[in-house]
Amino acid sequence: MAEELFSGLNPAQRRAVEAISGPVLVLAGPGSGKTRVLTHRIAYLIREGIDPYSILAVTFTNKAAREMKERLSVLVNPADAHALTVGTFHSLCARFLRREITHLGRERDFVIYDSDDQERLMRRVIRELNLDEKKNPARAIHARISSAKNELVSSSEFPRLNYADEIAARCYERYQNLLRESNALDFDDLLVELVHIFELFPNVLEWYQNRYQYLLVDEYQDTNKVQYTLVRQLAGEQRNLFAVGDEDQSVYAFRGADIRNIRQFEQDYSDSQVILLEQNYRSTQAILDTAQALIAGGGKKKHVKKLWTKNGVGMQVSLHEGYDQDEEASFVADEITRLVASGDYSYGGCAVMYRINAQSRALEEALNRRRVPYQIVGGTRFYERKEIKDVLAYLRLTFNPYDSVSLGRVLNWPGRGIGERSESELLRWAAELGVLTFQALRELESDTPTPFTARSKSTLLSFLALIDQFIAARAELPLTNLIDLILARLDVREALVKDYDAEEAEERWMNVQELRNVAAKYVNLPIEGQLSTYLEEIALVSEVDKVDGKADAVTCITLHQAKGLEYPAVFLVGLEEGLLPHSRSSDDPEKVEEERRLLYVGMTRARQRLYLCYAFRRLSFGRVSLSTPTRFLADIPKELIKQPKKRSAAATSPQASMFSGRGGYGGAPPRSPASTGPRPQRPVAPTEVSFVSGQPVHHATFGKGVVLSSRLVDGDEEVTVSFADKERKLLASFARLEKLA
DNA sequence: CCATTATGTTTTTTT
DNA sequence: AACATAATGG
């Protein structure tokens with residue numbers, strides 16, 4: 001019976017599936033079938049008679065949770081699959097808190113603040129405390145507080161060693177108070193408050209420990225202190241904890257993830273079994289060898305895995321240099337077109353990965369030009385778009401009128417004549433009365449004397465009437481109708497047309513419509529539950545959750561988000577100093593190692609083909625700078641990589657230094673032209689342009705072209721030439737342009 | 001109070 | 001380069 005569950009599992013996987021009780025740590029290399037192990041283990045537990053109701057699985061994304069349930073509904077009976085508790089730390093905590101937060105004297109109908117809300121609230125705190133917003137950016141202060149929360153450090157425990165600490169500590173305190181008043185929790189609170197409840201109310205913890213006898217935690221290497229604590233609490237005495245992870249794929253230290261959690265598992269949980277999954281089912285040996293060479297270049301490891309595969313050697317990994325980010329993107333787009341034309345690959349089988357979202361722009365343009373279908377994951381997230389957040393703010397106020405961030409957001413949106421003065425006067429007056437902003441609005445309905453002009457007062461009252469209307473409608477109307485009512489009463493479309501040009505207004509209006517479409521999925525729930533479920537799920541969806549695996553489109557995605565995904569063909573772009581490792585990480589050896597792991601994650605996403613790309617120069621921040629290939633390339637033996645074609649004179653300079661020890665550690669990120677050393681042909685910077693518009697030229701690679709313009713830039717001459725295929729910008733000192741008659 | 005202009009800021013990475 | 005907020009003037 002259970003035998004079919006084991007068919008197709010290798011001995012190590014099988015051991016992991018069968019180890020039912022006690023702590024188990026599975027160290028799973030990339031592509032080693034860990035998802036399979038997780039699902040089969042759950043199925044095995046159920047078939048062994050364990051109640052699915054007592055199984056709790058923590059995944060890294062909502063998408064992974066959904067997929068796990070789907071796979072299980074095939075392996076076990078669907079009712080059993082349904083009884084499982086599966087989710088991310090954040091969504092599970094939110095779910096538990098809806099039940100338990102009353103223990104802390106708080107209301108169940110809290111709203112969840114996303115990073116934008118959090119920053120707005122912090123800005124308000126900083127203003128309230130009369131701090132200089134320049135010297136104390138809300139973002140920076142909030143970041144400090146967020147990491148404190150991740151470390152389970154409360155505002156009273158926050159260190160006050162210097163003036164900056166003192167400021168942060170005071171902001172922390174006020175920030176928490178405002179959150180509480182607004183009946184809101186930020187992302188971090190979702191975890192922290194649950195830990196508090198478990199600490200303060202042992203009987204509550206006991207209930208959860210009894211219910212969840214079997215815990216499974218994926219991506220254990222990316223847990224932070226709060227998450228680690230939660231797991232410890234839930235694991236209790238029983239310690240039926242099954243943790244899966246890979247320290248080589250730990251890339252979230254910046255949000256508090258602590259690699260020590262996985263390294264110390266064996267000390268934390270005595271008698272634990274450790275199982276290594278080393279056989280890779282995803283990639284070719286060529287790709288694995290390259291990735292392993294890279295990761296071996298890093299520091300010492302607790303457990304060294306030796307990845308191998310039966311997939312065969314496969315194609316050699318190739319390296320490509322582009323002239324700039326546009327040419328790099330063009331190369332990627334051309335190569336994808338070629339792969340698809342060959343019939344061996346589909347658009348959906350290709351992915352382009354990069355370090356920062358801003359890199360997606362050049363790709364988008366190149367793909368657009370070639371009519372290659374693509375989807376960009378992340379960037380400005382859908383639910384962070386202004387028009388979306390504005391409409392959502394009304395929904396959130398309808399759900400919880402004390403939500404002060406939402407109130408501040410839409411008090412004057414769409415513009416109704418409540419300016420800065422009326423708003424600050426309202427805040428001041430509320431503070432004077434000692435009530436919340438919303439209660440102050442309510443106060444306007446009585447005969448209490450107010451500090452407002454008759455005009456302001458009536459505007460504020462009509463705003464209040466609007467919200468009241470929505471609150472009343474919520475009890476009667478299905479969610480979609482409620483949204484329609486809001487959109488109509490506010491005349492959102494008109495407001496968008498007023499703020500933007502026709503095209504953009506239409507696009508934003510479509511976004512708003514999309515919000516409504518999503519809401520349609522919730523109308524089958526009882527009316528009371530529709531809005532709350534909708535708001536909660538919206539607050540916790542991530543961009544990867546929305547990746548459409550079925551669409552036949554190229555996926556453009558950050559390296560962080562790509563973790564856990566796989567594609568037949570993968571292009572890694574921008575493999576340059578300053579970008580990977582990112583300049584903000586290159587001063588700290590530990591951060592540099594994290595960047596190395598990020599590259600490792602990217603490489604191991606590839607099944608058959610892996611392309612490594614970098615550009616010779618790059619436009620960042622509106623300025624051009626020359627770049628050096630990433631130091632990590634120096635750790636990969638030359639013979640593992642198919643060297644780039646010499647595509648122009650420009651290619652030789654950075655390329656030559658690549659594997660020769662130069663470009664190694666300590667190199668300053670993007671070199672300034674001055675530090676590049678003597679140039680081969682042109683030791684002296686030009687003082688005037690030598691190419692004029694209309695001059696016919698010849699280039700070794702691009703052939704004949706005509707000069708469109710030329711200008712002096714950074715001590716060199718940048719010539720814009722129209723070639724047969726496209727327009728290119730070339731540096732005269734490198735391009736060896738030949739003037740034709 | 002609002003529209004226009006000027007200035008400044010941004011780019012890590014995410015729930 | 002693109003976007004957001006601040007300053008300025010109507």
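The sequence lines fix the lettering, A, B, ..., with proteins before strands; numbering per chain opens at 1. Please read all numbers here as calculations on a predicted model, not as lab measurements.
Ionic pairing of A:Arg409 and A:Asp403 is not present here: no N-O contact between side-chain nitrogen and carboxylate oxygen is shorter than 4.0 angstrom. A salt bridge is defined here as a Lys NZ or Arg NE, NH1 or NH2 lying under 4.0 Å from an Asp or Glu carboxylate O, and A:Lys563 with A:Glu219 meets this definition. Ionic pairing of A:Lys63 and A:Glu67 is present here: one or more N-O contacts between side-chain nitrogen and carboxylate oxygen are shorter than 4.0 angstrom. A salt bridge does not link A:Arg428 with A:Glu128: every distance from a Lys NZ or Arg NE/NH1/NH2 to an Asp or Glu carboxylate oxygen is 4.0 Å or more.
In this structure, CG of A:Asn224 is placed 15 Å from C1' of B:dT13, rounded to the nearest angstrom. Atom CG in A:Asp132 sits about 17 Å away from atom P in C:dT5, given to the nearest Å. Atom CD in A:Glu119 sits roughly 12 Å away from atom C1' in C:dT5 (whole-Å rounding). Between A:Asp116 atom CG and B:dT14 atom P the separation is 16 Å, expressed in whole Å. One atom, NZ of A:Lys149, and another, P of B:dT15, lie 18 Å apart when rounded to the nearest Å. Separating the CD atom of A:Glu133 from the C1' atom of C:dA4 is a distance of 13 Å, rounded to the nearest angstrom. Here B:dT11 presents its C1' atom at 12 Å from CD of A:Glu595, a figure rounded to the nearest Å. Rounding to whole angstrom units, CG of residue A:Asp188 and C1' of B:dT15 are separated by 9 Å.
With DNA chain B read from its 5' end, the first of the two nearest nucleotides for A:Ala539 and A:Gly419 is the one closest to A:Gly419. Between A:Tyr252 and A:Ile418, the residue anchored closer to the 5' end of DNA chain B is A:Ile418, taking for each the nucleotide with the nearest heavy atom.
A:Glu423 meets the side-chain contact (heavy atoms from CB on, under 4.5 Å) test with A:Leu411; sequence neighbours excluded. For A:Arg416, the side chain to side chain donor-acceptor pair (under 3.5 Å) partners at least two apart in sequence or on another chain are A:Tyr394. Under the rule for a side chain to side chain donor-acceptor pair (under 3.5 Å), A:Arg361 has no partner lying at least two apart in sequence or in another chain. Every side-chain contact (heavy atoms from CB on, under 4.5 Å) that A:Ala257 has, sequence neighbours left out, goes to A:Asp222, A:Tyr252.
Here the nucleotide nearest the side chain of A:Arg421, chosen from B:dT11, B:dC1, C:dA1, is B:dC1. Taking every side-chain heavy atom of A:Lys498 into account, B:dA3 is the closest of C:dA2, C:dA6, B:dA3. Comparing atom distances between the A:Phe254 side chain and each of B:dT15, B:dT14, B:dT11 picks out B:dT14 as nearest. In the set C:dT5, B:dT11, C:dA2, the nucleotide with an atom closest to the side chain of A:His582 is B:dT11. Closest to the side chain of A:Arg123, out of B:dC1, B:dC2, C:dT5, is C:dT5. Checked against B:dT11, B:dT15, C:dT5, the side chain of A:His90 finds its nearest nucleotide in B:dT15. Nearest to the side-chain atoms of A:Thr88 among the listed nucleotides B:dT14, C:dA6, B:dT15 stands B:dT15. Side-chain proximity of A:Arg361 to the nucleotides B:dT15, C:dA2, B:dT11 is greatest for C:dA2.
Between the CE atom of A:Met122 and the OG atom of A:Ser146 there is a distance of 9.5 Å, given to the nearest 0.5 Å.
In this structure, A:Phe187 and A:His90 have perpendicular ring planes: the angle between them is above 60°, well past the 30° mark. The aromatic rings of A:Phe254 and A:His560 lie perpendicular to each other, with more than 60° between the two planes, well past the 30° mark.
A gap of 22 Å separates the C1' atoms of B:dT11 and C:dA6, to the nearest Å.
Dashed line: the shortest gap from a side-chain N or O of A:Asn357 to OP1 or OP2 of B:dT14 is under 4.0 Å.
Only A:Thr558, A:His560, A:Gln561, listed by number, bring a heavy atom of residues 555-562 of chain A to less than 4.0 angstrom from any atom of DNA chain B.
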Just the atom pairs and distances: protein N or O near nucleotides 8-10 of chain B's N or O, under 3.5 Å.
none

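If you check every strand for non-hydrogen atoms under 4.0 Å, A:Phe60 touches nothing. Within 4.0 Å of A:Thr459, counting heavy atoms only, lies no atom of the nucleic acid at all.
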